[in-house]
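One structure is given here, and the rest of the page talks about it.
Whatever order the structure lists them in is the order used to number ligands and atoms, beginning at 1. Keep in mind that what you see is a predicted model, and the values were worked out from it rather than measured. FYI, the numbering just counts along the sequence from 1.
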Amino acid sequence: MKSLIIGGAGFAGGYLINELSASGHKVCATCLTNEKINQECIVRNLDITDKNAVYQIIEEFSPDCIYHLAAQSSVSLSWKNPQLTTEINVIGAINVLEAVKNFKNIRLVLIGSGEEYGFIRENACPLRESEPLNPGNIYAATKACQEMIGKIYSRAYKMDIISVRAFNHSGAGQSDIFVISDFCRQIAEIEKNIRQPEISVGNLSAMRDFTDVRDVVRAYRLLAEKGISGKIYNVGRGKAVSIQYILDTALSFTDKNISVVRDPKKMRASDIPIIEPDVSEIFRDTGWKAEISMEQTIRDTLNYWRNH
Ligand code: A2R
């Protein structure tokens with residue numbers, strides 16, 4: 001099986017290259033010219049806002065399956081630069097759809113986000129895929145838009161498209177703008193005595209669903225192999241935990257005595273109390289469920305920061 005990963009230099013991309021290679025796929029991954037892919041595979045430079053270049057890569061590699069991961073994936077940058085976010089996440093996705101339209105027998109896996117659900121109804125959790133989308137930020141709106149346009153292409157042109165709403169994923173190598181990585185980095189810096197023994201935190205009562213990135217990319221592979229064309233799938237653990245639990249777990253892995261300090265900059269006014277997906281669809285169609293424990297993910301992320 002030949003797999004093309006668009007956006008292969010990002011956090012999930014590297015793990016997906018490993019997952020697909022280990023399963024015997026021939027992998028080609030794309031990255032921007034200023035990025036680097038360290039995993040073993042065919043590498044091509046691609047900016048998805050260049051529609052001709054998207055077409056050419058697909059024509060050259062002739063994949064059986066394309067995983068579309070490339071995105072402007074920062075929520076905060078999406079507020080600062082909504083035009084760029086829309087250009088990459090919506091126009092870029094249309095460039096991929098337009099290119100794939102010209103080829104037969106390519107399965108396209110469009111990676112969206114749990115953020116698409118946005119301001120959810122009270123008691124709506126666990127969120128089923130049929131739940132109405134109510135995006136609360138520009139990033140989420142562009143991902144919802146990608147998914148809707150994908151659905152239109154799949155119906156109108158009979159294209160083989162699977163849409164994914166990926167919830168929070170974490171693991172070694174993730175940027176410290178995300179909570180698990182942020183806590184682990186701070187603890188590692190305290191251990192190295194380059195930070196005061198104080199960890200700064202935001203809202204600890206919010207409950208979120210976290211999955212190890214290795215489980216997430218396995219879900220992407222299984223969806224490509226066994227997912228039902230035209231369907232949308234939540235990818236997540238299906239069991240939200242509080243940020244307090246993550247903090248306590250991360251702190252339990254260090255011998256240092258660390259005090260916890262609330263940082264008002266990390267508090268969000270509109271924090272939704274709980275966000276948790278229903279993951280029965282993906283389980284039913286592929287047998288996938290998260291296997292790596294939260295504790296293992298936190299330990300691996302902490303060890304990553306200890307070594308970096
Ligand atoms: O923004 P950068 O410099 O980190 O590069 C990102 C890249 N990217 C692009 N690739 C091609 N053409 C573009 N115009 C373009 N703009 C950005 O896509 C990055 O290397 C990659 C996306 O990876 P991450 O931002 O690390 O996201 P992650 O965690 O791997 O998530 C994969 C997908 C994304 O679509 C998320 O929105 C979704 O899963 O949750």
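Under 3.5 Å, the side chains of E191 and T254 contain a donor-acceptor pair of N or O atoms. There is a side-chain donor-acceptor pair under 3.5 Å between K266 and S200.
Separation of atoms CG (D176) and CH2 (W305) is listed at 5.0 Å; rounding is to 0.5 Å.
Aromatic ring centres of F103 and Y55 lie closer together than 6.0 Å.
When each of E19, K26, H25 is paired with S3, the side-chain hydrogen bond (donor to acceptor under 3.5 Å, both in side chains) condition holds for H25 and for no other.
Within the 3.5 Å criterion, the main-chain N or O of G227 finds a donor-acceptor partner in the side chain of R107.
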What does the contact table look like for ligand 1 (nitrogen or oxygen on each side, cut-off under 3.5 Å)?
{"unit_1": "ligand 1", "atom_1": "5 (O)", "unit_2": "E35", "atom_2": "OE2", "d": "2.9"}
{"unit_1": "ligand 1", "atom_1": "12 (N)", "unit_2": "I48", "atom_2": "N", "d": "3.0"}
{"unit_1": "ligand 1", "atom_1": "14 (N)", "unit_2": "D47", "atom_2": "OD1", "d": "2.9"}
{"unit_1": "ligand 1", "atom_1": "18 (O)", "unit_2": "A71", "atom_2": "N", "d": "3.2"}
{"unit_1": "ligand 1", "atom_1": "20 (O)", "unit_2": "G10", "atom_2": "N", "d": "3.4"}
{"unit_1": "ligand 1", "atom_1": "20 (O)", "unit_2": "E35", "atom_2": "OE2", "d": "2.5"}
{"unit_1": "ligand 1", "atom_1": "25 (O)", "unit_2": "S73", "atom_2": "OG", "d": "2.5"}
{"unit_1": "ligand 1", "atom_1": "26 (O)", "unit_2": "F11", "atom_2": "N", "d": "2.9"}
{"unit_1": "ligand 1", "atom_1": "30 (O)", "unit_2": "F11", "atom_2": "N", "d": "3.2"}
{"unit_1": "ligand 1", "atom_1": "30 (O)", "unit_2": "A12", "atom_2": "N", "d": "2.8"}
{"unit_1": "ligand 1", "atom_1": "35 (O)", "unit_2": "L69", "atom_2": "O", "d": "2.9"}
{"unit_1": "ligand 1", "atom_1": "35 (O)", "unit_2": "K143", "atom_2": "NZ", "d": "2.7"}
{"unit_1": "ligand 1", "atom_1": "37 (O)", "unit_2": "Y139", "atom_2": "OH", "d": "2.5"}
{"unit_1": "ligand 1", "atom_1": "37 (O)", "unit_2": "K143", "atom_2": "NZ", "d": "3.3"}

